[in-house]
Amino acid sequence: MSETFETSLPFVTERARAIRTTVGAGVTPVAAFAAIAGVGLVGAAASLWFDRRRREVTILVVRGASPVAVGVKAVLELAPALIAGGLTGFGLAYGAVVWLGPSSAVEPAATATAVAATLATVAVAALAVTAVVATRARGGLHGRAARRATRWVAAVPFELALVAAAAVSYRRLGEWGVPVSQGARVSRVDVVGLAFPVLFLLAGVAVLARALALGLRPLRSASEGWRTSLYLAVRRLVRYRAAMIGLVASAAIAAGVLGYAATLTRSLDATLLAKAKTFIGSDLALGLEYEAEVPDGLGGRATEVDIFRRVYAEVGGDDVELTLLAIDPATFAGAAYWDDSFSDESLDDLVDRLAAPPNDGNVPALVVGEPLPDIVDVNERQGLTSRFSIEQVADADTFPGMRRSGPTVFVAAPHLVELGVDGGYTEVWARGEPDETLAVMEASGVGFRINRALADVADRASFLTVAWTFDFSQALAVVAGLLVLGIVVVVLDARRRGRVLGYAFARRMGLSRAEHRRAVVAELVASVVVGCGAGLAIALGGAALTTRRIDPVPGYRPDPLLRPATVTIVVVLVVAVLVAGLGGALAQRRTDRDDPVEVLRAGV
């Protein structure tokens, strides 16, 4: 006697490898862009260090210190922050994987790789600090000659390269295909296609930065007649325009990536749900035993639909097979699934059109899927052969219960009863929680079977690799947002000397404390709030373009739905406003406490 054992371990192993490869392919470019952005933020911090130590650096350079030596000095002073940042990043990453990852077990090799990546990141950050400080020290040493030598760099429209790259990536996005998992084969993530939102966002931010660079100087002249707080804020923004544009760009990228990823994730979920419910007709489709009636417990949220399969339309001498659904006008709108994007008219209005009396003997109909002539003869061959004509009286791109292929025709059931058309089978479509519906059916004692259920039709697990990629993008965006908060603090601290001295002189000329606080708040609004708003607007535009190109199940209606992540967008804007308000209040409090004489003596 022999026993045979079957195992699913090979399938599980193969699927795990596929998921690792696919998710890695999607996460790597996003992580690379995040690393580049991180290096840019480190460079900005190094530039602010230089601004704080400008007097000291000038003395060192005059006494013979080389620009590289000044850069090394900056690295040594910033080393504790760089090391602390690296350790914190590693700890947060490890904790996030353990907490949010598919498993709390972390492979030792992955930990070793992460440690090596952390060390490399700290080293790259140190090189970035050295390069930025040395470059600025050399510029300060050679003065106007260095500025003239690098002036051409600002004149070159580098953002056009980003626009071209975004266009190429968008074209590739349309060739991505259907990101659906089947068996051990998981949904793939096209690296070039995935880069589109980041490239689109970077291109939009680069264009915005160029526009700000060109528009700040004219804005300075236009602000001469404005109220004192706005006038002062504009002059400071123009004076520190490089830092202001950098802060706008940083806030825009962080908010944009978060808004894009959240919007696309929400749109993907909404599209999958809409496709599944459209295919079912509602939340649940049941078949009842012969001559059974819908239980009273489902009143108001259930409807009967008669479905005819062997139906043909006579088009140009040929028979075109179609699916005919006869609905109950009295209950259909209350039970069927509906989204306003399906038609310009409401579901109630469409049902009323179908329930209207026939015109010249033509049954009012709505046709979705493949088109048919406005008036066409139909013959039903499932029962006794019946012939009648239908006339299209309503228009919709999608309708609940429509089939995947071929025309689907909807008519009012009473019209077919009047014509003596029979031979279809009856389904009950029920809206609401399927478990509650099934409990009502079982309690009623009516025999039934489940024809289509949401849990069987919509399997979000088939799209998890794509969803994980966008979830990862959201996590990086949150981290980038925290870095932007740190930059705001550093920027306010770097400008402390000029702000304290300027406020001291302005107070003698009648500037009030409230006006100065409003000026600081206006500076932060123009940087953080404008940056976040612009980033979110660009991200929504990118999400709208991307949604059209990514259809999880292209064979089923409706087309992809765009669902902006409204809550996330509102939260980001509210946080940006709070940061501007609290930052202005805290900066004013610090300015009030500082002694101008001590600030002059300290030179910082």
Side-chain angles (χ1 to χ4, degrees), residues 270 272-311 322-339 342 347-348 350-351 354-355 366 368-369 380 382-383 396 398-417 421-462 553 555-558:
L272 289 174
L273 185 64
K275 287 177 180 288
K277 289 191 174 184
T278 298
F279 176 71
I280 297 171
S282 187
D283 294 313
L284 187 65
L286 304 173
L288 301 185
E289 62 184 4
Y290 183 67
E291 293 186 350
E293 296 183 356
V294 178
D296 294 336
L298 297 180
R301 62 184 185 93
T303 186
E304 292 186 2
V305 179
D306 296 327
I307 303 174
F308 300 82
R309 293 292 188 188
R310 297 184 59 195
V311 183
L322 56 87
T323 302
L324 179 65
L325 279 73
I327 66 172
D328 179 8
T331 59
F332 186 80
Y337 170 72
W338 186 254
D339 187 273
F342 291 176
L347 181 58
D348 289 320
L350 294 175
V351 171
L354 296 180
L366 182 148
V368 290
E380 185 268 324
Q382 189 164 341
T398 305
F399 205 76
M402 67 180 295
R403 295 303 181 249
R404 178 179 182 180
S405 60
T408 304
V409 179
F410 293 84
V411 298
H415 294 327
L416 296 189
V417 173
V421 178
D422 59 8
Y425 66 93
T426 301
E427 279 190 346
V428 174
W429 296 354
R431 177 175 52 82
E433 289 295 330
D435 291 340
E436 296 179 4
T437 300
L438 295 177
V440 172
M441 294 297 299
E442 292 174 355
S444 67
V446 175
F448 69 94
R449 66 181 180 279
I450 301 176
N451 288 349
R452 297 181 303 280
L454 189 62
D456 300 328
V457 175
D459 181 15
R460 193 179 186 276
S462 300
V553 191
Y556 292 87
R557 292 291 186 91

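Keep in mind that what you see is a predicted model, and the values were worked out from it rather than measured. Atom set for the values below is all heavy atoms of this structure, side chains included, hydrogens, waters and symmetry mates excluded. Here, residue 1 is the first one in the sequence, and each next residue gets the next number.
- From Lys275, atom NZ reaches atom OG1 of Thr398 across 8.0 Å, with rounding to the nearest 0.5 Å.
- Looking at Thr408 and Leu325, their side chains come closer than 4.5 Å, going by heavy atoms from C-beta outward.
- Ile450 is listed as a side-chain neighbour of Leu286, based on a closest heavy-atom distance under 4.5 Å.
- Between Thr437 and Arg301 there is a side-chain heavy-atom pair separated by less than 4.5 Å.
- For Pro414 against Pro329, the heavy-atom pair with the smallest separation is CD-CD, 3.9 Å.
- Atoms OH and CG, from Tyr425 and Asp306 in turn, are 10.5 Å apart once rounded to the nearest 0.5 Å.
- To the nearest 0.5 Å, atoms CZ (Arg309) and CG (Leu324) are separated by 11.0 Å.
- The heavy-atom pair separating Trp429 from Ser282 by the smallest distance is CB-CB, 4.0 Å.
- Summarising the geometry of Asn451 relative to Gly287, their closest heavy-atom pair is ND2-N, 3.6 Å, with the distance given to 0.1 Å.
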Criterion side-chain contact (heavy atoms from CB on, under 4.5 Å) on Leu350 and Phe399, from CA distance to verdict = CA-CA 10 Å; Leu350 294 175; Phe399 205 76; 4.0 Å; yes
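- The OH atom of Tyr556 sits 8.5 Å away from the OG atom of Ser405 when rounded to the nearest 0.5 Å.
- Proximity of Met402 to Leu366: side-chain heavy atoms (C-beta onward) are nowhere separated by under 4.5 Å.
- Here the closest heavy-atom approach between residue Ala396 and residue Val368 is recorded as O-CG1, 3.4 Å.
- Of all the heavy atoms in Ala453 and Ile280, the pair that sits closest is C-CD1, 3.5 Å.
- Here the straight-line distance linking atom CG of Leu298 with atom CE of Met441 works out to 6.5 Å at 0.5 Å rounding.
- Atom CZ in Arg557 sits 10.0 Å away from atom OG1 in Thr278 (nearest 0.5 Å).
- Taking both residues in full, the closest heavy atoms of Ala302 and Val428 are given as CB-CG1, 4.2 Å, listed atom of the first, atom of the second, then distance.
- Side-chain contact between Leu416 and Phe308 is present, with heavy atoms from C-beta onward closer than 4.5 Å.
- Judged purely by atom type and a 3.5 angstrom limit, Asp283 has no side-chain atom pairing as donor or acceptor with the backbone of Glu433.
- Contact check for Leu354 versus Phe332: no side-chain heavy atoms found under the 4.5 Å cut-off.
- Ring pair Phe342/Tyr337 is perpendicular by interplanar angle, where above 60° counts as perpendicular and below 30° as parallel.
- A 4.5 Å side-chain heavy-atom check between Pro400 and Lys277 finds every atom pair outside the cut-off.
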